[in-house]
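See below for the structure under consideration.
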Amino acid sequence: MNIHEYQAKELFELFGVATSQGSLATTCEEVKNIISTFSSQEVVLKAQIHAGGRGRGIFKDGFSGGVHVLKSMEEALEVAQRMLQNILVTNQTGPEGRLVEKLLVAQSVDIVQEFYLAILLDRNKEAPVIVVSREGGVDIESVAHRAPEAIRRETIHPLFGLQAYQSRSLAHCLGFRGKQLLQASTLITNLYRLFIELECMMVEVNPLVLTSSGEVLALDAKLSFDESALFRHPKIASMRDFSEEDPREVAASSAGLNYVGLDGNIACLVNGAGLAMATMDIIKHYGGEPANFLDIGGGASQEQIKEAFNILSKDPKVKVILVNIFGGIMHCDLIAEGIISAFNTSKLTIPLVVRLEGTNVEKGKKLLQESSLALHTAHDLREAAMRAKELAC
Amino acid sequence: MSILVDKNTRLLVQGITGKAGAFHTRACCDYGTRVVAGVTPGRGGDFFEKSIPIFDTVSQAREETGCNATMIFVPAALAADAILEAAQAGIELIVCITEGIPVHDMMRVKKILAQSPAKKSTLIGPNCPGIITPGVCKIGIMPAYIHQQGSIGVVSRSGTLTYEAVWQLSSRGLGQSTCLGIGGDPIHGITHQDALRLFNDDPATEAIIMIGEIGGSEEEEAALWARAECRKPIVAFIAGTTAPQGRRMGHAGAIIQQGSGTAQEKKEALLAAGIAVAQSPADIATTLLPLLGKN
């Protein structure tokens with residue numbers, strides 16, 4: 001799960017990670033109030049949408065840029081007026097763009113130098129790794145490619161935690177000396193505390209900056225959280241912005257289903273993530289195009305199965321639904337009942353190809369046969385994929 | 001012969017009184033697995049189905065029943081604790097079925113398991129279907145009837161996709177020595193490479209099926225090891241060729257991050273190591289047949 005930059009700023013303040021002054025505005029009135037609390041009127045306005053590439057984005061009415069640095073209150077209000085309730089298109093939003101309803105209003109800072117700082121959970125090392133680079137404000141991947149020696153990685157032992165000397169050594173590596181080294185190492189220590197206490201998957205500060213007044217600040221941040229841990233972080237869970245997500249995925253996740261939308265016309269409903277991926281792969285292998293990934297999990301209820309069919313059948317591109325169930329925890333007769341009840345209540349008109357195998361498979365097949373529904377049953381995965389392909393053409 | 005579980009396995013079930021725990025304990029018993037104890041804190045002294053003693057702690061269960069393996073069905077929030085309790089009690093094989101354990105929990109669990117005395121325990125999972133030696137011992141949630149005794153070892157990061165592969169094998173008369181799911185989480189117990197090593201050393205295993213998926217680099221590491229060390233034929237399948245970048249595909253660990261962990265890069269590493277790669281999930285068994293000298 002990702003959050004907005006203004007929310008990251010709030011968390012930084014909570015954990016003592018030095019950042020520029022700023023807060024959220026949804027109206028010009030609020031923009032004005034925030035600026036009037038600043039010591040200088042030079043401000044940055046940033047559109048709060050999850051998609052990247054905001055700076056180079058273009059609004060639907062032709063106004064350019066989702067990030068602006070402005071010299072006065074008047075300029076700021078004029079620009080805020082144009083950004084709010086306008087639709088921003090960036091290289092990550094797709095052509096439909098995103099409605100900008102929130103602006104981050106931050107005090108502009110005079111940057112002397114930019115750095116990169118991130119903490120991530122390294123799955124190979126099974127430990128947090130802190131990554132720093134003297135080249136900040138740019139894409140870290142390109143730095144890693146072009147000048148790998150400019151990047152330093154420090155692995156942290158999960159049981160002992162970050163040691164103070166490690167923070168100092170990382171700060172030193174970024175070129176900080178004396179009092180600034182202490183400032184930077186405190187920032188790193190507090191950021192690590194945030195990473196651990198809030199169970200993040202990644203915290204990326206890009207850029208970390210040194211200002212002309214000698215402060216070390218985390219200017220822009222991306223935080224992502226472990227969804228499996230959100231049950232113990234209700235405050236973070238409440239920061240989730242559903243308007244930033246694919247509505248089909250939101251509906252699926254509130255029904256406890258795992259759905260990822262794709263562009264094809266063959267929908268699939270599968271139990272188990274690996275089999276769901278493999279089902280997409282075999283659709284493609286036989287020349288079809290998968291419309292989605294959908295894992296209904298190990299213990300899906302009839303209600304969940306009904307909801308799954310609802311989500312799939314609402315997608316106008318979908319021409320056929322392939323149901324592929326291999327029952328372990330999931331019983332095939334339960335799936336069969338779910339299919340029958342979904343058919344009867346929502347009057348599905350999309351053709352269905354069903355392949356069942358596993359626990360209670362005979363019961364399940366019998367239920368489907370007795371239901372006299374017009375569906376195609378397939379004996380194995382290959383036959384199911386080929387049948388779905390035929391029906392989608 | 002087999003790997004990790006055999007006729008001497010004496011199973012404990014942690015979370016035996018929960019709905020899923022009870023259902024699958026029954027299924028394991030029906031298969032012939034010797035389930036000797038259960039643990040549900042607060043229910044010590046009770047019996048499961050009037051015959052299997054329930055204890056409050058794993059140590060107690062270990063002392064009184066000599067259990068040497070455990071199957072964990074404890075809810076995600078408490079599962080890390082259950083793994084540590086089992087390791088502390090000296091249980092040799094810990095099979096954790098639970099899905100959705102916070103990854104920071106697993107990170108700490110793994111570091112503790114790397115130290116003695118927990119070092120003696122082998123962890124399978126979490127977020128896995130378990131392990132089965134057909135005809136002998138089943139620990140987990142896999143449908144038993146699809147398996148057959150035989151000489152093919154199966155290791156997989158997925159549950160249902162493993163059943164698919166096993167089904168293809170059994171319906172062609174190819175039985176299995178042992179089948180295990182290593183789990184779909186980014187941080188988990190035994191790896192593909194560990195499993196290949198065990199199968200390579202198991203005289204009852206003639207060939208190996210390895211089922212991987214996008215995310216991480218375990219398949220690549222296993223391929224490197226196999227190239228140098230493995231004497232037995234391996235067929236691999238990698239799920240997620242069509243998965244988009246940056247999206248988690250159901251399993252917490254199935255994600256292509258910054259262009260790495262793709263199915264393509266895994267397939268190339270496997271092929272480079274001389275491992276046969278099934279191009280479609282329906283061709284897993286048929287890709288193996290010629291390697292066994294069969295059609």
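What you see is a predicted model; the values in this text were computed from it and never measured.
- The greatest number of non-hydrogen atom pairs below 4.5 Å with chain A, out of B:Gln258, B:Arg157, B:Arg248, is found for B:Gln258.
- At a 4.5 Å heavy-atom cutoff, A:Phe225 makes no contact with chain B through either its backbone or its side chain.
- For a residue to count as touching a neighbouring chain, one of its non-hydrogen atoms must lie under 4.5 Å from one of that chain's; by this rule A:Ile196 touches chain B with backbone and side chain alike.
- For B:Gln168 (side chain) and B:Ile284 (main-chain N/O), a donor-acceptor pair under 3.5 Å exists by modelled atom type.
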- Message: What verdict does the side-chain contact (heavy atoms from CB on, under 4.5 Å) test give for B:Ser158 and B:His251, after you've listed the backbone C-alpha separation in whole Å, the side-chain angles of each residue and the deciding distance to 0.1 Å?
- Response: CA-CA 8 Å; B:Ser158 148; B:His251 285 156; 4.0 Å; yes
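- With a 4.5 angstrom heavy-atom cutoff, A:Ala278 touches chain B via backbone and side-chain atoms both.
- Looking only at heavy-atom pairs under 4.5 Å with chain B, the residue among A:Lys284, A:Glu199, A:Glu227 that has the most is A:Glu199.
- In this structure, the side chains of A:Phe15 and A:Leu198 come closer than 4.5 Å at one or more pairs of heavy atoms.
- When the candidates A:Glu289, A:Glu249, A:Lys125 are compared by the number of heavy-atom contacts under 4.5 Å with chain B, A:Glu249 comes out ahead.
- With chain B as partner, the option from A:Leu159, A:Leu262, A:Leu381 having the largest number of non-hydrogen pairs under 4.5 angstrom is A:Leu159.
- Proximity to chain B (any heavy atom under 4.5 Å) is shown, for A:Asp380, by neither the backbone nor the side chain.
- Residues A:Arg382 and B:Asp283 are paired through a salt bridge, judged by an N-O separation under 4.0 Å between the basic side chain and the carboxylate.
- By number of non-hydrogen pairs under 4.5 angstrom with chain A, the leading residue of B:Gly253, B:Ala254, B:Ala27, B:Ala263 is B:Gly253.
- At a 4.5 Å heavy-atom cutoff, the contact between B:Ile112 and chain A is made by backbone and side-chain atoms alike.
- Each of A:Ile236, A:Asn2, A:Leu194 was scored for a side chain to side chain contact (heavy atoms under 4.5 Å, CB included) with A:Leu223, with one residue passing: A:Leu194.
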- Should B:His188 and B:Ile124 be marked as a side-chain contact (heavy atoms from CB on, under 4.5 Å) after you check the CA-CA gap, both sets of side-chain angles, and the distance that decides it? CA-CA 7 Å; B:His188 58 91; B:Ile124 299 180; over 6 Å; no
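- Between B:Thr160 and A:Gly272, the shortest heavy-atom contact is OG1-CA, 3.4 Å.
- Top candidate by heavy-atom pairs under 4.5 Å with chain B, chosen from A:Ser228, A:Pro290, A:Ala229, A:Cys200, is A:Ser228.
- Among B:Ala77, B:Gly184, B:Ser171, the residue making the largest number of heavy-atom pairs under 4.5 Å with chain A is B:Ala77.
- Here the side chains of B:Thr98 and B:Asn127 are not in contact, with every heavy-atom distance at 4.5 Å or above.
- Residue with the most contacts toward chain A among B:Ile187, B:Ile146, B:Thr162: B:Ile187 (heavy-atom pairs, distance under 4.5 Å).
- Relative ring orientation between B:Phe73 and B:His24 is described as parallel, the plane-to-plane angle staying below 30° on a 0-90° scale split at 30° and 60°.
- Ranking B:Lys110, B:Gln257, B:Glu218 against chain A, the residue ahead of the rest is B:Lys110, based on heavy-atom pairs under 4.5 Å.
- Under the side chain to side chain contact (heavy atoms under 4.5 Å, CB included) test applied with A:Leu312, the options A:Asn292, A:Leu322, A:Val318 reduce to a single match, A:Asn292.
- Chain A forms the most heavy-atom pairs under 4.5 Å with one residue out of B:Arg108, B:Met249, B:Glu213, and that residue is B:Met249.
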